[in-house]
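This report concerns only the one structure given below.
This structure is a prediction, so every number in the text was calculated from the model and none was measured. Worth knowing before you read on, the calculation uses all heavy atoms, side chains too, and leaves out hydrogens, waters and symmetry mates.
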Amino acid sequence: MKGGAVEQCLACTALPPEPSWELLCQVAGLDSLAARVTGWPGLAPPAAEGSSSQVLAVPDYSELGELPPRSPLEPVCEDGPFGPVPEEKKRTSRELRELWQKAILQQILLLRMEKENQKLQASENDLLNKRLKLDYEEITPCLKEVTTVWEKMLATPGRSKIKFDMEKMHSAVGQGVPRHHRGEIWKFLAEQHHLKHQFPSKQQPKDTPYKELLKQLTSQQHAILIDLGRTFPTHPYFSAQLGAGQLSLYNILKAYSLLDQEVGYCQGLSFVAGILLLHMGEEEAFNMLKFLMFDMGLRKQYRPDMIILQIQMYQLSRLLHDYHRDLYNHLEEHEIGPSLYAAPWFLTVFASQFPLGFVARVFDMIFLQGSEVIFKVALSLLGSHKPLILQHENLETIVDFIKSTLPNLGLVQMEKTISQVFEMDISKQLQAYEVEYHVLQEELIDSSPLSDNQRMDKLEKTNSSLRKQNLDLLEQLQVANGRIQSLEATIERLLTSESKLKQATLALELERSALLQTVAQLQGQMAELSGPEPEHAPPEPVGD
């Protein structure tokens, strides 16, 4: 029996049989109102009909300690919650029952109000956390028209199964991403990637539920805990030691270390997870971290051997050589390799040094184009600030400028960098530079005066690296073959459809010619039936 049933019962004109004390206790949501009767000042369970003890009892409050809050719906005085209560006044059973039911209804109302207050408090906390998370300055302010375009795409029914036009999405990302929709847009771009690449890599992790991973223990716990305080230490969401932000970040990193045993936990990974956590819930951020690591190719640079990171540094150096030769020569002259300044860019996706608004734009492009965006951004940043870098004439000042001054040069320069990234295409060059790196490594091994053991060790490391790369290339080849088969099947379907359409067109043309002949015959028959025209009749207009 619920509160609505009690109200309906009270509204009846005929007085129902007196309910039991335990039943009304259950209605009020109390464990045992009879056992806590002194908790209601001035009320006691009604005595049986005809009993000599029908006087309203006034309990002794001295043994109760602190009393529960009284109802705000009734005036309260010093003598009791329902007005002055004479000590010897006798009440009828009907009056007692009405008071009794009224008190229960007030208790029900208070319980409901408390639940609503708890919901409001939880909602306010969620809004406060969201406001704290998105506490950063946008690099590209999103216009209202662009926001409307994003909202239409996000609100499309069954969007996870619909392939959207890539040019439209590129244009929308280039014009800006609304900050309050950014997490949902990243999930949308991940869905589109899965639709476009229907044959995922075989290196996908086991599909272990996030909540199950949280129940397990990780050997990486100490390293994760150390890095929690170093991750966005000035951001209000992460600054509180073991606050909501740090606890959620710990959960994500712990779960990933258990999911991907080969990588486990690597320094820099906390920044990537932290950026995701600022824009979405904990479990959603974990799923997007998996997507970036396995589908977008970030995982390779976090492997324990760090060979891929070395290859990336070589690729960036070669890009500088091809695009900005004078800057490359200046850095080489002072023996400054990319590993001195660019390693944190790759491992944290620029999040450890650059403003959050800029990093969020980089993530927008990574979700759209993949991990090669990091090379584009690094190359654009160095090229855009080349005159300032060339002014410095020693190793310390150059590295200090790139690490400290360059990330804080202003929103206009950051936006210019983002715009340049959309116009660059370096995928073929990156592949060529990777092959070039391995060829050079082999030549170095052959020409270096090493002992047999050292040479064997290097050969083994190179072989293991090449095996991994061969596996990666084999997977890519299998994915490409799958795509080719899919495209061939699509072409066959289109050819079949085209053939059917041609047959249908031919049949329609034949039918049209037959209909024209029939019309001509009918016109001739009508002319014969009508006979010769009267001489005074005006001539009929000639048809087409």
Side-chain angles (χ1 to χ4, degrees), residues 142-178 181 184-201 291 295 364-365 367-370 419 422-425 427-428 476-544:
C142 194
L143 300 177
K144 187 176 181 181
E145 295 79 8
V146 182
T147 302
T148 303
V149 171
W150 280 118
E151 288 174 347
K152 285 183 179 178
M153 285 195 284
L154 294 177
T156 303
R159 74 175 195 208
S160 60
K161 299 180 181 178
I162 300 173
K163 287 185 180 180
F164 287 78
D165 183 45
M166 284 300 296
E167 291 186 5
K168 182 179 179 181
M169 290 192 294
H170 270 270
S171 174
V173 173
Q175 294 177 34
V177 173
H181 288 317
E184 190 66 24
I185 289 171
W186 288 350
K187 289 188 286 184
F188 167 73
L189 294 175
E191 293 169 355
Q192 291 301 306
H193 177 85
H194 286 143
L195 288 174
K196 187 179 177 182
H197 304 84
Q198 297 182 1
F199 300 93
S201 169
F291 172 79
D295 295 279
D364 294 341
M365 294 183 291
F367 275 97
L368 185 68
Q369 299 178 358
S419 300
F422 276 94
E423 301 171 1
M424 297 171 64
D425 184 10
S427 55
K428 292 182 179 179
Q476 294 176 13
L477 181 62
Q478 290 174 345
V479 171
N481 287 332
R483 291 177 190 163
I484 291 171
Q485 292 175 1
S486 176
L487 290 172
E488 288 177 348
T490 304
I491 291 172
E492 288 181 3
R493 289 197 300 269
L494 291 173
L495 290 174
T496 304
S497 177
E498 183 185 8
S499 175
K500 290 181 180 178
L501 287 173
K502 285 182 179 179
Q503 293 177 357
T505 303
L506 181 61
L508 288 172
E509 288 178 352
L510 293 173
E511 185 178 357
R512 178 176 176 275
S513 61
L515 287 172
L516 289 175
Q517 291 178 0
T518 304
V519 169
Q521 291 175 0
L522 290 173
Q523 288 178 345
Q525 292 175 3
M526 289 182 65
E528 292 176 359
L529 290 174
S530 60
E533 294 289 336
E535 292 182 0
H536 61 276
E540 291 282 341
V542 180
D544 292 338

Could you tell me the separation between the CD atom of E145 and the OG1 atom of T148, rounded to the nearest 0.5 Å?
-> 6.5 Å
D364 side chain reached by W186 side chain, heavy atoms, under 4.5 Å = yes
Closest contact, heavy atoms only, K163 versus L195 | CE-O, 3.2 Å
V149 and K168, any side-chain heavy atoms less than 4.5 Å apart | yes
From S497 atom OG to E492 atom CD, the distance as rounded to the nearest 0.5 Å = 13.5 Å
Side chains of V146 and P178: does their closest heavy-atom pair fall under 4.5 Å?
-> no
Are K161 and E191 side-chain neighbours, meaning at least one heavy-atom pair lies under 4.5 Å?
-> no
Quick one: pull up NZ in K152 and CG in L154 and give me the separation to the nearest 0.5 Å.
-> 12.5 Å
Is there a donor-acceptor pair under 3.5 Å between the side chain of W150 and the backbone N or O of G176?
-> yes
Not counting sequence neighbours, list each pair that qualifies as a salt bridge (charged side-chain N to carboxylate O under 4.0 Å, His left out) and has a residue in residues 493-509.
-> E498-K502
Between the CG atom in L501 and the CG atom in L506, the distance rounded to the nearest 0.5 Å is 12.5 Å
Backbone N or O of L495 within a donor-acceptor pair of the S499 side chain at under 3.5 Å?
-> no
For M365 and F422, the nearest pair of non-hydrogen atoms, with its separation, is SD-CE1, 3.5 Å
Could you state the interatomic distance from NE2 (H170) to CG (L368), rounded to the nearest 0.5 Å?
-> 4.0 Å
Judged by atom type as modelled, is there a donor-acceptor pair below 3.5 Å linking the side chain of S171 to the main-chain atoms of E167?
-> no
Residues E184, R159; criterion salt bridge (Lys or Arg N to Asp or Glu O under 4.0 Å); working and verdict = CA-CA 12 Å; E184 190 66 24; R159 74 175 195 208; 2.6 Å; yes
Would you please name every residue forming a ring pair (Phe, Tyr, Trp, His ring centres under 6.0 Å) with F291, sequence neighbours left out?
-> H193, H194, F367
Of all heavy-atom pairs linking I162 and Q192, the shortest is O-NE2, 2.9 Å
Hey, what do you get for CD (Q369) to CG (D425), rounding to the nearest 0.5 Å?
-> 9.0 Å
Any side-chain heavy atom of K196 within less than 4.5 Å of one from M166?
-> yes
Minimum heavy-atom distance between F164 and T156, given as atom pair plus value = CZ-OG1, 3.7 Å
